[in-house]
Number of protein chains: 2
Amino acid sequence: MTPLPDDLRLDRRRKAIIAAARELFVEQGYERATLADIVTRAGGSLATVYKLFGNKDQLLEAVVFESAASGEALIREAAAAGLAPVPTLHRIAKGLHEHFLDPDVIALVRIVIARSISDPQFARQFFERTANPTREALEDVFARWQANGVAMDGTPGFLAEMFMGLFVSDLQTQAISHGVGISPLPDRLQERTNFFIAAAGINRLAESPA
Amino acid sequence: MTPLPDDLRLDRRRKAIIAAARELFVEQGYERATLADIVTRAGGSLATVYKLFGNKDQLLEAVVFESAASGEALIREAAAAGLAPVPTLHRIAKGLHEHFLDPDVIALVRIVIARSISDPQFARQFFERTANPTREALEDVFARWQANGVAMDGTPGFLAEMFMGLFVSDLQTQAISHGVGISPLPDRLQERTNFFIAAAGINRLAESPA
DNA sequence: ACAATGGTGTAATGATCATTACACCTTCGC
DNA sequence: GCGAAGGTGTAATGATCATTACACCATTGT
């Protein structure tokens with residue numbers, strides 16, 4: 001029963017609904033966005049939404065968790081490029097900035113925080129899928145550097161936390177408070193990276209670790 | 001007209017309503033909290049709420065802006081104590097941590113961010129009354145230190161921004177994502193302060209500036 | 001005591017949805 | 001072509017509020 005073509009059709013419906021739902025949640029917030037509007041934008045029928053997702057709450061969960069991405073890949077790629085620590089850090093900083101300050105990501109964070117008032121678990125799960133893997137990837141990079149003789153003041157865990165604070169938490173907070181798109185600070189980013197490098201006591205001339 | 005006693009009565013009503021409204025907004029968020037519940041908790045009548053505040057939106061504004069506080073006083077007091085830079089920074093870090101990680105403050109930030117989805121101005125105004133004065137007070141302190149011969153790498157503005165990032169934005173983000181009350185990290189705070197001191201290149205033996 | 005000013009309680013009023021029900025239409029295997 | 005499985009459109013259904021209206025009570029200055 002339910003041969004493959006049906007699944008494909010359903011899957012197409014599912015993607016269209018999630019895309020429309022994300023747009024409307026982002027524009028108006030969860031409470032104000034209506035299922036009727038979502039269906040209008042996605043095409044199809046309200047009944048299909050209920051068949052696929054059960055109810056509005058579960059639709060939000062699907063939207064958020066299918067959209068949640070971490071900076072893990074980006075960090076591992078930057079570290080694998082074989083550059084010295086200082087330019088690697090600059091590259092990671094730029095990548096994290098581009099990823100976590102993307103207007104869509106900021107919008108998602110807003111929605112998750114709004115929902116965290118009535119559902120604390122929700123926010124925790126979201127950050128566990130986004131911030132945690134990012135921090136762990138950083139930790140790995142720092143640990144490998146230290147193992148290869150690069151001097152750094154502090155444990156990899158602590159330094160990863162500081163890096164996330166400076167390049168994710170703080171910049172996201174600024175984006176939320178001052179409006180998205182007001183922060184494409186190119187040299188400001190380098191200034192921050194240098195701040196981190198100084199605090200971590202990294203030798204600016206350290207070469208690419210084996 | 002409207003002699004003093006009337007004003008006092010009104011003022012008492014006003015305070016009671018704002019307190020009840022803050023509690024319910026904090027517990028359930030703006031959209032889910034109902035005016036009926038707020039009136040039940042505050043005592044008095046729904047009509048009074050409309051007389052005093054006009055509508056639900058303006059009640060929220062009153063709640064948020066009467067509750068918004070900055071860390072300005074705390075910073076100026078710490079700086080005026082005449083201690084050397086390093087212990088002063090530790091004291092400020094502790095003070096900012098206590099103030100901005102208070103569960104009530106976190107709850108307020110959540111509400112403001114939730115509302116910022118549909119009303120970006122609202123968030124901006126809130127942060128202008130809380131984060132900005134705090135950052136400016138820090139800036140003043142750093143500028144005074146530099147003027148008095150304390151060596152610090154970076155402009156007062158930049159260093160104040162980094163300090164806020166490490167002790168406000170990041171810790172608030174953690175509180176929101178991992179739940180309030182999971183972060184009374186006493187020695188972690190010192191570790192962060194030392195990180196800042198190292199990045200700013202402050203001489204750990206610098207004495208109290210004139 | 002006496003109005004009057006203003007708060008109180010309660011009950012409309014009206015909108016706005018989430019959610020459900022239902023009859024019609026499409027598509028796909030046969 | 002046929003029939004079924006599943007999608008579509010549309011229209012209830014029911015709840016939940018914000019907001020308004022109104023008749024009653026309390027307090028205050030005279």
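Just so you know, these numbers come straight off a predicted model, no measurement behind them.
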Which atoms of nucleotides 13-15 of chain D (N or O only) lie under 3.5 Å from a protein N or O atom, and what are those distances?
none

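- One interatomic measurement links the two molecules: CZ of A:Arg13 to P of C:dT26, which rounds to 16 Å at whole-angstrom precision.
- Using bins of under 30°, 30° to 60° and over 60° for the plane-to-plane angle, the ring pair A:Tyr30/A:Phe25 lands in the tilted bin.
- By the neighbour-count criterion of 12 heavy atoms within 6.0 Å, atom CZ of A:Arg41 is densely surrounded, having more than that number from other residues, nucleotides or ligands.
- Screening residues 49-73 of chain B for ring pair (Phe, Tyr, Trp, His ring centres under 6.0 Å), with sequence neighbours left out, gives B:Phe65-B:Phe122.
- Counting only distance, with no hydrogens or angles, the side chain of B:His99 and the backbone of B:Ala69 share a donor-acceptor pair below 3.5 Å.
- Taking a 4.0 Å limit (strictly below) on heavy-atom distances, residues 30-47 of chain B reaches DNA chain D at B:Ala33, B:Thr34, B:Leu35, B:Leu46.
- Using a 4.0 Å cutoff on non-hydrogen atoms, no part of residues 111-119 of chain B comes near DNA chain D.
- Judged by distance alone, the side chain of A:Gln172 and the main-chain N or O of A:Phe100 form a donor-acceptor pair under 3.5 Å.
- Distance check, rounded to the nearest 0.5 Å: CZ of B:Arg14 to OG1 of B:Thr48 gives 13.0 Å.
- Remark: the backbone N or O of B:Leu166 is not paired with any side-chain donor or acceptor of B:Asp170 at under 3.5 angstrom.
- Between A:Thr48 and D:dT8 there is a side-chain polar atom (N or O) within less than 4.0 angstrom of OP1 or OP2.
- Residues from residues 49-67 of chain B lying near DNA chain C, meaning a heavy-atom separation below 4.0 Å, are B:Lys51 in numerical order.
- In terms of modelled atom types and a separation under 3.5 Å, the side chain of B:Arg110 and the main chain of B:Ile176 share a donor-acceptor contact.
- The minimum heavy-atom distance linking A:Gln146 with A:Met152 is given by the pair NE2-O, 3.3 Å.
- The CG atom of A:Leu24 sits 11 Å away from the P atom of C:dA18 (whole-angstrom rounding).
- Panel note: side chain B:Gln58, backbone B:Leu52; no donor-acceptor pair is recorded below 3.5 Å.
- Here the closest heavy-atom approach between residue B:Thr130 and residue B:Ser70 is recorded as O-CB, 3.3 Å.
- The closest donor-acceptor contact from the side chain of A:Arg13 to the backbone of A:Gly43 lies under 3.5 Å.
- Between A:Phe196 and B:Phe195, the ring-plane angle classifies as tilted under the 30° and 60° cut-offs.
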* Check against salt bridge (charged side-chain N to carboxylate O under 4.0 Å, His left out), B:Arg22 and B:Asp104 -> CA-CA 9 Å; B:Arg22 180 170 55 208; B:Asp104 277 7; 5.0 Å; no
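- In DNA chain D, runs of at least 3 stacked Watson-Crick or G-U pairs (N1-N3 plus N6-O4 or O6-N4, or N1-O2 plus O6-N3, all under 3.5 Å) give these stems: C:1-30 with D:1-30.
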* B:Glu128 vs B:Arg124, salt bridge (charged side-chain N to carboxylate O under 4.0 Å, His left out): CA-CA, chis, key distance, verdict -> CA-CA 6 Å; B:Glu128 273 172 8; B:Arg124 191 192 309 251; 5.1 Å; no
